[in-house]
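Some notes on the structure that comes next.
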Amino acid sequence: MSTKKEPDKGLKPLDVAEGDTVVMRFAPNPNGPPTLGSTRGIVVNSEYVKKYGGKFIIRFDDTDPQTKRPMLEAYDWYLEDCEWLDAKPDEVVIASDRVPMYYDYARKLMEMGHAYVCFCEGGDFKKFKDAKEPCPHRDQNPDTNLEYWNKMISGEYEEKTAVLRIKTDITHKDPALRDFGAFRIVKTAHPRAEVDDKYCVWPLLDFQGAIEDHELGMTHIIRGKDLMDSEKRQTYIYNYLGWEYPKTTHWGRVKMHEFGKFSTSGLRHAIEEGEYSGWDDPRLPTLRALRRRGILPEAIRKFMIEMGVGETDISLSFDTLYAENRKIIDPKANRYFFVWDPVELEITNAEACTVTPSLHPTEKRGTRSIDVDSKICICNDDVGNLELGSKLRLKDLYNVEITSMDPLQASYIDDSMDTAKKEKMRIIHWAPENGHPVKVLAPHGEFEGIGEKQITEELENVVQFERFGFCRIDDVGKEIVAYYTHK
RNA sequence: GCUCCGGUAGUGUAGUCCGGUCAAUCAUUCCAGCCUUUCGAGCUGAAAACUCGGGUUCGAAUCCCGGCCGGAGCACCA
């Protein structure tokens, strides 16, 4: 296979034999909603499956009922968001449903002499490990281990008093690879009703993931490079059981410039404290929030795919995502006037009229219609640039001259665009005084003002408020609520 | 302390495996100009990078060694 000229931009070809398909997975712990960080795993893995054919599996690694306790709603959130991202999984697996299988393999490894129940206190074990010495329990015979194991799973031991370890090489030069833990005792019930307090011994990631990746027939794994050692540990299990390890690729840490690291627990705390309105607060980098703001899944996919898979730690800017989204949205979004921080302007000699500006500057999509009488609203920002005698073009309406600053009044000059051009008038937008109240929720704050009535016809669409930015219309009740997309 | 990764313009990426065609790709950002009844879009132009030091070689972003910087693992978290 020639790799001289790369055919695809973005994702590099995977090591797949001609004609073979792939099985890949995205394995989150549902302890919060998917964020832009999770998206990389969803998009990249699913994209490879689309490319090579095969199966995309979402596996909930929810085997920690305590420290990273799963959130019940999050299971569905992940499925929704996957589907939204055009990455509907072919199979959904929930680890907490499969504990008996993990137990079976644990027994098998004990019988083979590759695992032992260790009663060392954490610190003590660390001492042995750092000294490259076996702990006193390492050489227990299989029957003894099985006996202890049975007591473990029947709840006879307290938390932290026993743990099942996989034997690796206690003298390995890398301390991270010496006899790692595979199961521990957790006496907190699992949040899922189906599971509840059925088990008090839970597998740890390296064990659970190792077994599942084999059971589910994974051919390729792409995940964070913080899990590189995980692969080395899991390889011991694979060797013991005579399995072949899937091909792996890793990526580095991702940060968002504007946000920093997003830790699910940190976000949850901030929400509980009332710092954010919820998981879809427009300031948050969760998929729910981005969706509500009108960021399209295509833009997110493209963004992630063009980023590719590299081991470098990266710090991204939302601007790149916004640029991607803007390209898609700009031709689709209808234009409307929204006046934030409005100030009333009376046109003293104007006659009531109706204007019909086009919905889009280049796409021929028809017009909107605005009834205007003698009073309109303009942005306070624009008022700041005015003085007595200033001439203005009210976009798509007519030209006026300021005749009074307080109260703000102007007199009608004419309709002609030529006049406006000749006199190089500033062109500003406006809204009818009897328009509809609008509130915009944006990452950088809230804006209240007044907009065209016709915006109420755009529920759930992304529109552009001219000279303001793109917004997704979220609600059109007494007040229009819009979520800011981006400039 | 031990171990493992990585380091190309502001940001992200291509190229690194199999040294030359790389005076280094593309996107975004920024700046300037054009265009436009939006401060949006579009168009044109510009700025901007191989972490450092040695070595190998006719030749190194690419291979080797060392330093520096960044990240990660050594958890009864995932």
Side-chain angles (χ1 to χ4, degrees), chain A residues 3-4 6 9-10 12 27-31 60-64 66-70 95 118 120-122 125-126 129-130 132 159-165 172-178 180-186 201-206 208-209 223-233 250 252-255 257 264-265 302-303 306-308 310-324 326-327 329-331 333 335-337 357-358 360-363 381 393-399 417-418 420-421 425-429 464-470 486-487:
Chain A
T3 48
K4 202 73 184 161
E6 220 202 313
K9 250 186 183 164
K12 292 178 197 161
N29 175 357
N31 63 339
F60 292 107
D61 282 351
D62 59 346
T63 54
D64 177 7
Q66 204 163 55
T67 319
K68 287 196 175 168
R69 191 175 170 79
C118 173
C120 291
E121 204 184 288
F125 182 79
K126 184 172 162 51
K129 188 190 62 187
D130 288 346
K132 302 188 180 177
E159 285 187 11
K160 304 212 182 241
T161 57
V163 52
L164 185 80
R165 289 187 189 287
H172 198 287
K173 66 169 182 170
D174 183 349
L177 303 191
R178 298 176 199 150
F180 61 91
F183 287 83
R184 82 312 204 178
I185 300 167
V186 179
V201 171
W202 286 93
L204 288 154
L205 171 80
D206 286 329
Q208 183 265 127
R223 60 183 167 199
K225 73 175 178 180
D226 48 320
L227 263 25
M228 276 178 150
D229 284 340
S230 215
E231 170 171 353
K232 293 180 189 152
R233 286 189 285 262
H250 302 94
R253 280 162 55 107
V254 184
K255 276 193 299 188
H257 256 149
T264 306
S265 45
K302 200 157 178 240
F303 177 65
E306 290 193 347
M307 192 160 83
E311 290 189 15
T312 321
D313 296 327
I314 54 179
S315 183
L316 298 165
S317 165
F318 273 109
D319 285 347
T320 319
L321 174 62
Y322 293 161
E324 216 57 76
R326 191 179 297 118
K327 280 180 205 158
I329 270 176
D330 186 72
R335 268 57 173 174
Y336 291 96
F337 291 150
S358 32
H360 194 280
T362 53
E363 310 284 318
D381 292 351
R393 171 71 185 182
L394 297 169
K395 188 169 188 275
D396 296 313
L397 183 59
Y398 45 57
N399 308 319
M417 194 54 214
D418 290 339
K421 277 184 182 163
M425 290 181 197
R426 177 188 296 277
I427 299 168
I428 67 166
H429 71 296
Q464 189 202 46
F465 288 150
E466 294 198 28
R467 305 210 301 150
F468 181 74
F470 293 92
H486 47 64
K487 206 171 77 170

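Letters go in sequence order (proteins before strands), and every chain restarts at 1.
Of all nucleotides listed (G7(B), G40(B), C5(B)), G40(B) comes nearest to the side chain of Lys487(A). Listed nucleotides: G73(B), A78(B), U37(B). Nearest to the side chain of Met417(A): U37(B). Nearest nucleotide to the side chain of Leu204(A), out of U29(B), C77(B), A72(B): C77(B). Comparing C77(B), G40(B), U38(B) by their closest approach to the side chain of Lys395(A) singles out U38(B). Of the candidates U38(B), C76(B), C5(B), the closest approach to any side-chain atom of Ile427(A) belongs to U38(B). Distance from the side chain of Lys129(A) is smallest for C74(B) among the nucleotides U38(B), G12(B), C74(B). When the nucleotides U28(B), U3(B), A72(B) are ranked by their closest atom to the side chain of Arg253(A), A72(B) comes out on top. Comparing atom distances between the Leu316(A) side chain and each of U37(B), G12(B), C5(B) picks out G12(B) as nearest. Among C74(B), U38(B), G12(B), the nucleotide with an atom closest to any side-chain atom of Pro175(A) is C74(B).
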Practice task
Please assess Phe470(A) against His486(A) for the test ring-ring contact (aromatic ring centres under 6.0 Å, His included), listing each intermediate value before the final yes or no.
Solution key: CA-CA 6 Å; Phe470(A) 293 92; His486(A) 47 64; 5.6 Å; yes

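His172(A) has its NE2 atom 12 Å from the C1' atom of C2(B), to the nearest Å. Atom CD in Glu466(A) sits about 9 Å away from atom C1' in U37(B), given to the nearest Å. Distance, Glu306(A) CD to U13(B) C1': 9 Å, rounded to whole Å. Look at NZ on Lys126(A): it is 15 Å from C1' on C76(B), rounded to the nearest Å.
The nearest heavy atom of RNA chain B to Gln208(A) and to Arg393(A) marks one nucleotide each, and the one closer to the 5' end goes with Arg393(A).
C52(B) and U8(B) have their P atoms separated by 11 Å, with the value rounded to a whole Å. Straight-line distance between the C1' atoms of G40(B) and A46(B): roughly 23 Å, to the nearest whole Å. The P atoms of G71(B) and A32(B) are separated by 36 Å, rounded to the nearest whole Å. Here, U13(B) and G6(B) have their P atoms 14 Å apart, quoted to the whole Å. Only the P atoms considered, C17(B) is 16 Å distant from C22(B), to the nearest whole Å. Between G53(B) and G33(B), the two C1' atoms lie 44 Å apart (nearest whole Å). Taking atom C1' in both G19(B) and A9(B), the straight-line distance is 24 Å, to the nearest Å. C5(B) and C43(B) have their P atoms separated by 45 Å, with the value rounded to a whole Å.
Residue contacts for Gln464(A): at a heavy-atom cut-off of 4.0 Å it reaches a base atom on one of the strands shown. Within the 4.0 angstrom heavy-atom criterion, base atoms lie near Leu205(A). Among the atoms of the strands shown, base atoms are found under 4.0 Å from some heavy atom of Lys68(A). Residue-level contact check: Asp396(A) touches the bases, meaning some heavy atom is under 4.0 Å from a base atom. At the heavy-atom level, Arg69(A) lies nowhere under 4.0 Å from the strands shown. Within 4.0 Å of Cys118(A), counting heavy atoms only, lies no atom of the nucleic acid at all. Residue contacts shown for Arg426(A) are absent, as no nucleic acid heavy atom lies under 4.0 Å away. Among the protein residues, Ala323(A) comes within range of the sugar-phosphate backbone only, with heavy atoms under 4.0 Å from sugar or phosphate atoms but none that close to a base. Residue Pro331(A) is out of contact with every strand shown, counting any heavy-atom pair closer than 4.0 Å. Residue-level contact check: Asn29(A) touches the backbone only, with heavy atoms under 4.0 Å from sugar-phosphate atoms and none from bases. Using a 4.0 Å heavy-atom criterion, one finds that Asp226(A) contacts the bases of the nucleic acid, with or without backbone contacts as well. In this structure, Ser230(A) reaches neither bases nor backbone, as no heavy-atom distance under 4.0 Å exists between it and the strands shown.
Between the NE2 atom in His172(A) and the NZ atom in Lys129(A) there is a gap of 13.0 Å [rounded to 0.5 Å].
Counting only heavy atoms from C-beta outward, the side chains of Arg326(A) and Gln464(A) never approach each other to under 4.5 Å. Contact of the Lys395(A) side chain with the Phe337(A) side chain is registered, since non-hydrogen atoms from C-beta on lie closer than 4.5 Å. Side-chain contact between Ile428(A) and Leu394(A) is present, with at least one heavy-atom pair separated by less than 4.5 Å. When side chains are defined from C-beta on, Glu311(A) counts as touching Met228(A), because their heavy atoms get closer than 4.5 Å.
The shortest heavy-atom contact between Arg178(A) and Lys173(A) is NH2-O, 3.5 Å. Pairing each heavy atom of Gly181(A) with each of Arg165(A), the nearest pair is N-NH1, 3.8 Å.
The partner of A41(B), taking Watson-Crick or G-U wobble pairs whose two distances both stay under 3.5 Å, does not exist in any strand shown. The partner of A72(B) is U3(B), judged by Watson-Crick or G-U wobble contacts that both fall below 3.5 Å. Pairing partner, U28(B): G10(B), with both Watson-Crick or wobble hydrogen-bond distances short of 3.5 Å. The base-pairing partner of A23(B), taking Watson-Crick or G-U wobble contacts with both distances under 3.5 Å, does not exist among the strands shown.
Distances shown here put a side-chain N or O of Thr63(A) below 4.0 Å from the OP1 or OP2 atom of A78(B). Between Arg223(A) and the phosphate of C5(B), there is no side-chain N or O to OP1/OP2 separation shorter than 4.0 Å. Residue Lys421(A) has a polar side-chain atom (N or O) positioned under 4.0 Å from OP1 or OP2 of U37(B).
For the pair Asp64(A) and Arg184(A), the salt-bridge criterion is met [side-chain N within less than 4.0 Å of a carboxylate O].
Between Tyr322(A) and Phe318(A), the ring planes are parallel. Angles under 30° get that label, and only those over 60° would be called perpendicular.
Remark: side-chain polar atoms of Arg233(A) are paired, donor with acceptor, to backbone N or O of Ala176(A) under 3.5 angstrom.
For a distance-only test at 3.5 Å, the side chain of Glu324(A) fails to qualify as a donor-acceptor partner of the base of U28(B).
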Are any protein N/O atoms closer than 3.5 Å to N/O atoms in nucleotides 41-46 of chain B? If there are, list each pair with its distance.
| unit_1 | atom_1 | unit_2 | atom_2 | d |
| --- | --- | --- | --- | --- |
| A41(B) | OP1 | Arg326(A) | NH1 | 3.3 |
| A41(B) | O2' | Asp330(A) | OD2 | 3.4 |

